[in-house]
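Written below as structure tokens is the structure these notes are about.
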Amino acid sequence: MFPIWYVTGLDEVPARRRLGREFFQSEAPEVAQHLLCKLLVIGSCEGRIVEVEAYTRDDPASHSFRGRTDRNAVMFGPAGHLYVYFTYGMHHCANVSTAAEGDGQAVLLRAVVPLSGVDLMVQRRGREQHLADGPGKLCQAFAIDRSLNGIDLCAPSDRLPVIGIFDDGTAPSRIAQASPRVGIRVGTERLWRWSVAL
DNA sequence: ATTGGGATCGTCT
DNA sequence: GACGATCCCAATA
């Protein structure tokens, strides 16, 4: 039998709470795992985060490894800010800064399951499948580019109707075994990629 | 289902 | 001047 809250529809729109600064102030590997099943919301587009990777300062695969530069400055800033970089001459990748200011840590958002704004994502991606199942695809679907670099995800934006990461009470039923991060040539021994198991 | 190459440019050596 | 925290398509098995 269906539970009463389902039948009455009382919980059809579960409480949705923006993640606060504290959430992001832990070490990147911990934040990364906690980010699974949270909601990425930008404008009318929403998706559930299902794959992430952690990067830290003492990690040769990290942009922050060789110190602060103009590009990676957001990684060294306060936690909970969006770090967007451009790569391969054509793709953007979205990260969230973590840990303490000056630490140079971030979590790369690799994949989300689209929930809302799918039509817009289809339009931006130019196809109906594989809308956000990769870091570059995710950015294209959500229209994330360098103009959003540094934006604070823990406070309402004065530039967009909504941008942030939210908790709707959903947790991963199971996290897949940690695996090597994708597309790197060093630091491959750190199993810092996590995804929601199907 | 898996593999390999090309596109393309900002960033750092 | 080289090389990406990638994606897509074509070719092969």
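Throughout, a chain's letter reflects where its sequence line sits, starting with A, and its residues are numbered from 1.
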Original post:
So which residues get pulled into A:V41's cluster when ILVMFWY side chains under 4.5 Å apart are joined, directly or through others?
Top reply: A:L39, A:L115, A:V162, A:F166
Original post:
Among residues 85-117 of chain A, which residues get a heavy atom nearer than 4.0 Å to DNA chain B?
Top reply: A:F86, A:Y88, A:G89, A:M90
**OP:** Quickly work out the A:H130 NE2 to C:dT6 C1' distance and round it to whole Å.
**Re:** 15 Å
Subject >> Nucleotide C:dC3, atom C1' - distance to CZ of A:R66 in whole Å >> reply: 12 Å
Original post:
In terms of the angle between their ring planes, are A:H91 and A:Y88 parallel, tilted or perpendicular, with boundaries placed at 30° and 60°?
Top reply: perpendicular
Original post:
Out of C:dC9, C:dG4, C:dA5, which nucleotide sits closest to the side chain of A:Y83?
Top reply: C:dA5
Original post:
Going 5' to 3' along DNA chain B, which nucleotides are the first and last within contact of chain A (any atom under 4.0 Å from a heavy atom)?
Top reply: B:dA7 to B:dC12
**OP:** Mind running a 4.0 Å heavy-atom check of residues 33-64 of chain A against DNA chain B and sending the residues that fall below it, in number order?
**Re:** none
**OP:** Give the stems involving DNA chain B, where a stem is 3 or more consecutive Watson-Crick or G-U wobble pairs (i with j, i+1 with j-1, and so on) under 3.5 Å.
**Re:** B:1-7 with C:6-12, B:9-12 with C:1-4
Original post:
Which distance, rounded to the nearest 0.5 Å, do you find between the OG1 of A:T98 and the CD of A:E30?
Top reply: 9.5 Å
**OP:** Ignoring backbone atoms, test whether A:R181 places a side-chain nitrogen or oxygen under 4.0 Å from the OP1 or OP2 oxygen of C:dT6.
**Re:** no
Original post:
How many Å lie between CZ on A:R185 and C1' on C:dT6, as a whole number?
Top reply: 15 Å
**OP:** Could you please name the option among C:dC8, C:dG4, C:dT6 that lies closest to any side-chain atom of A:R125?
**Re:** C:dC8
Original post:
A:F86 vs A:H92 aromatic rings, parallel, tilted or perpendicular, using cut-offs 30° and 60°?
Top reply: tilted
**OP:** Check each residue of residues 134-146 of chain A for a non-hydrogen atom within less than 4.0 Å of any atom in DNA chain B, then write out the ones that pass by number, or none.
**Re:** A:R146
Original post:
If we ignore angles and hydrogens, is there a donor and acceptor under 3.5 Å between the side chains of A:Q140 and A:R125?
Top reply: yes
